[in-house]
There are 2 protein chains.
Amino acid sequence: MIRIDDAEDARIAHYRAVRDRDLAGRGGRFVAEGEVVIMALLSGRSRFRPESLLLSETRAEALAPVLSQLPRDLPVFVAGQRVMDAIVGFHIHRGALAIGRRGETADPTSLLSGLPQPALVLGLVGLSNHDNVGGAFRNAAAFGADAVLLDRSSCDPLYRKAVRVSVGASLLVPFAWTETADDMVRALEDSGFAVVALSPQGSELLDRETWPERTALLVGAEGPGLPPALIDRLRSVRISMAPGFDSLNVATAAGIALHAVWTSRRRHCAD
Amino acid sequence: MIRIDDAEDARIAHYRAVRDRDLAGRGGRFVAEGEVVIMALLSGRSRFRPESLLLSETRAEALAPVLSQLPRDLPVFVAGQRVMDAIVGFHIHRGALAIGRRGETADPTSLLSGLPQPALVLGLVGLSNHDNVGGAFRNAAAFGADAVLLDRSSCDPLYRKAVRVSVGASLLVPFAWTETADDMVRALEDSGFAVVALSPQGSELLDRETWPERTALLVGAEGPGLPPALIDRLRSVRISMAPGFDSLNVATAAGIALHAVWTSRRRHCAD
């Protein structure tokens, strides 16, 4: 544990850049915030490695049993809450941050070819809202999705807020980028996935579906949705809703569809 | 349309108090924000009446066809974006606000006794997060819930952010308050509702359930969940999740459960 009393200390430079795009965006590092997320980062299931931790004094005390298990070469910086807030530039009420390393970006084709059988993939198209991307990852983890694909107009699942909303799921569920939605569909079909577009305009009802061994569910942003040409050429599925209010949050819609695939497979296995 | 050029104009006094608790909280008025929410408030399906609108110039132009249909005695204030921001005290990027009147608070027993047969009610216990309450209302509307009950530790569905996240659903779905969760269960049971607790500790699986004619689903806050004594004495249901990540957002969990009841009833009616 390394005591930090000066917000300008060179050793915690990365924590002074939490709001910078190079750190928050797609650079080599990312920020994990809060105890639950940091526990996910420190767990054996995380796809990413921690580089350091920055904890408030009270949080360091609470986490002492966990900290004693960490590799000895992982720096754990400890600061008073005021120093911590001064470092980061705003109040960190959870009192716990970590810097993680992104490592190599996964190639979608290699990622997909390495998935088990059966496999379930969630594809995000145009999801530019961090809450929705984080929520989609949380649901992907909860319902056993094996991977998430994102097109380049979707936002970074390793952005601090997305990681936080995902409750750490974006550190656990493998993901990869494709340039466009068409590239995503091509990569999925080349790897033997049946690609299903989830859309209020879908031609089939979600709960009447059966699901192929390798299924990918695609969702688009609230409002624009998936490109119409894509919906036309794919199998498309809709969630039944009450007349007069056909409006669901995209992460919730993804969660309902993932849950449907998950329960249908579990039921199948139990039979 | 009433032109406003001065942020201190007495006629738009209510809009200067948008962040005040008396307006945002449980006073006589509430704030609706954004075009979709305001359209819900102006629709025949809203349970609440608008008192006035405050629009930016560009928004007023875009909404001209709608505005021409409004009652002549409903004041529509129009201001430049800068004046509008000065009135409210922060940037209103949607450029559209309305003040609504809360009217009488519904009595839970009267609300429940007036519901149709079959009926579906969502009960929120300890939901102190506006996003979650808004999200729960959105899902309640999407899956045809007839009413929402809230205990006093849950936050106000008419708070600006909750209304916005609900996409107007909290103006449409009838709701009522009970003091405690126990009061809520009592009111529901007295009105002939089967009350089902949704919990990760639930004894039955959601997708194996059949649903009584009058069903109420109860959810608790993420983390604490519903009081254990309540889970013990009610029928309790859990959502199947992947091992090692049994974590769902409460509004999403409510959405998945409401969707299950909705589709099971729709299927039943179709048979």
Looking at B/A169, B/G168, B/A145, B/G135, which makes the most heavy-atom pairs under 4.5 Å with chain A? B/A169

For chain A, the option from B/T252, B/L248, B/N249, B/L172 that forms the most heavy-atom pairs under 4.5 Å: B/L248

Of the backbone (N, CA, C, O) and the side chain (C-beta and beyond), which part of A/L258 lies under 4.5 Å from a heavy atom of chain B, both, or neither? neither

Give, as side chain, backbone, both or neither, the part of B/A40 having an atom under 4.5 angstrom from any heavy atom of chain A. neither

Would you name the heavy atoms of [X] and [Y] that are closest together and state the gap between them?
X      : Y      : result
A/A242 : B/A141 : CB-O, 3.5 Å
B/S247 : A/R138 : OG-NH2, 3.0 Å
B/M241 : A/F143 : CG-CE2, 3.9 Å
A/W262 : B/P243 : CH2-CD, 4.1 Å

Under the criterion side-chain contact (heavy atoms from CB on, under 4.5 Å), which of B/T263, B/N139, B/I256 is the partner of A/I256? B/I256

In terms of heavy-atom pairs under 4.5 Å with chain B, which of A/A260, A/A253, A/G244, A/A251 leads? A/G244

Any idea which of A/S43, A/S240, A/G255 has the most non-hydrogen atom pairs under 4.5 angstrom with chain B? A/S240

Could you check whether any side-chain heavy atom of A/L206 comes within less than 4.5 Å of a side-chain heavy atom of B/H259, counting everything from C-beta outward? yes

